[in-house]
Amino acid sequence: MRSAMQSDKKGLTARDLVTCGVFIALYFVFMMVGSMLFAPNPVLTFLMPAGAALLTGPIYLLLVAKVPKHGPIIILGVVEGLIMFVTGMYWLWAVALVVLGVVADLIAGAGRFRNKNLNLVSFLVFSLNPWVLPHAVDRSSGYTSYLAGKGTEQAYLDTMVSTGAGWVLPGMIALTLVCALVSALVGRRLLKKQFEKAGVTA
């Protein structure tokens with residue numbers, strides 16, 4: 001226990017950073033696989049956050065278990081945000097990812113990254129990613145204008161906006177949280193031995 005506490009107090013080591021890099025790459029791959037099927041359709045695009053959350057829970061939780069320190073979750077948010085921004089996605093997505101990364105890091109950190117329930121809540125919060133937030137903050141003006149400026153077809157945008165009725169945002173959030181919860185619970189069962197080895201508790 002003492003050695004674990006001493007390890008927590010240390011900053012991220014080179015080995016920790018390598019581990020972060022591996023799991024962040026895996027997270028991004030699973031995120032893309034979970035969401036890419038919905039992106040081409042302006043109606044199904046609202047399911048992208050839920051699809052991503054459904055596949056990324058085990059990767060997220062294993063990252064926390066492997067590197068139970070402040071930093072990896074924030075790095076995940078920053079890297080994912082940078083990738084989104086560089087690839088031409090809406091700038092608010094990148095900002096939201098960083099903010100959610102910091103909040104999720106603090107939540108998991110409240111349990112020293114070894115409390116299964118807080119780690120699960122941390123993942124749920126992080127899963128409320130920028131695919132949800134732009135619709136809540138800037139859907140009717142800046143968001144669609146930005147996408148139009150990037151070459152998105154107007155017919156796609158018109159269908160997406162007309163589909164995004166008042167109930168869609170709460171529905172997106174609820175479905176995303178349900179998918180994230182299922183993913184995290186499945187991940188905990190699949191990775192039980194890894195969590196026990198890392199000292200993750202109930």
Side-chain angles (χ1 to χ4, degrees), residues 16-40 44-87 89-90 92-109 111 113-135 171-195 198 200:
D16 292 336
L17 292 174
V18 171
T19 302
C20 289
V22 171
F23 282 101
I24 288 172
L26 286 173
Y27 184 97
F28 189 74
V29 170
F30 277 80
M31 180 193 72
M32 294 301 295
V33 170
S35 59
M36 66 188 302
L37 295 178
F38 304 112
L44 297 181
T45 190
F46 295 103
L47 298 178
M48 289 172 63
L54 188 61
L55 297 184
T56 52
I59 305 300
Y60 183 98
L61 294 179
L62 191 53
L63 169 62
V64 175
K66 288 289 189 181
V67 190
K69 301 177 181 179
H70 286 289
I73 299 174
I74 297 175
I75 294 174
L76 172 62
V78 170
V79 171
E80 188 178 342
L82 286 174
I83 291 174
M84 291 294 179
F85 184 76
V86 170
T87 54
M89 301 301 176
Y90 191 42
L92 191 58
W93 294 8
V95 174
L97 272 165
V98 175
V99 172
L100 289 173
V102 172
V103 174
D105 181 271
L106 292 174
I107 293 172
F113 303 96
R114 289 183 168 83
N115 184 292
K116 288 189 292 187
N117 293 327
L118 285 176
N119 290 348
L120 186 150
V121 173
S122 172
F123 174 64
L124 263 61
V125 170
F126 189 78
S127 295
L128 294 176
N129 56 60
W131 284 314
V132 172
L133 295 182
H135 290 275
M172 288 172 63
I173 294 175
L175 182 59
T176 299
L177 289 175
V178 169
C179 289
L181 179 61
V182 171
S183 182
L185 292 176
V186 170
R188 288 206 316 203
R189 291 182 63 87
L190 293 175
L191 305 170
K192 182 178 179 180
K193 291 184 179 180
Q194 292 291 337
F195 294 148
V200 177

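We're numbering straight along the sequence, starting at 1. Given the structure is predicted, the values throughout are model-derived calculations rather than measurements.
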query: Which atom pair, heavy atoms only, marks the closest approach of F85 to A94?
result: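 Closest pair (atom of F85, atom of A94, distance): CB-CB, 4.2 Å.
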Closest contact, heavy atoms only, C179 versus A50: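 So the two residues come closest at CB-O, 3.5 Å.
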Is there a side-chain contact between [X] and [Y], using heavy atoms and a 4.5 Å cut-off?
X    : Y    : answer
L106 : V102 : yes
V64  : S122 : no
L97  : V78  : no
L62  : L26  : no

What's the separation between atom [atom1] in [X] and atom [atom2] in [Y], rounded to the nearest 0.5 Å?
X    : Y    : atom1 : atom2 : answer
M172 : L177 : CE    : CG    : 11.5 Å
T176 : L124 : OG1   : CG    : 10.0 Å
Y27  : L63  : OH    : CG    : 10.0 Å
S35  : L54  : OG    : CG    : 11.5 Å
F123 : I107 : CZ    : CD1   : 13.0 Å
K66  : L191 : NZ    : CG    : 9.5 Å

task: Assign the ring pair Y60 / F126 to parallel, tilted or perpendicular, where the plane angle (0 to 90°) is split at 30° and 60°.
output: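 Tilted.
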With a 3.5 Å distance limit and no angle check, can you tell me whether [X] reaches the backbone of [Y] through a side-chain donor-acceptor pair?
X    : Y   : answer
S183 : A53 : yes
D105 : G71 : yes
D16  : V67 : no

message: Check this for me: F30, atom CZ, are more than 12 non-hydrogen atoms of other residues, nucleotides or ligands nearer than 6.0 Å?
response: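 12 or below, so no.
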query: Among V79, V29, I59, T19, which one satisfies side chain to side chain contact (heavy atoms under 4.5 Å, CB included) with I24?
result: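 Looking at V79, V29, I59, T19, the match for I24 under the side chain to side chain contact (heavy atoms under 4.5 Å, CB included) is V79.
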query: Should E80 and M31 be marked as a side chain to side chain contact (heavy atoms under 4.5 Å, CB included) after you check the CA-CA gap, both sets of side-chain angles, and the distance that decides it?
result: CA-CA 10 Å; E80 188 178 342; M31 180 193 72; 2.7 Å; yes
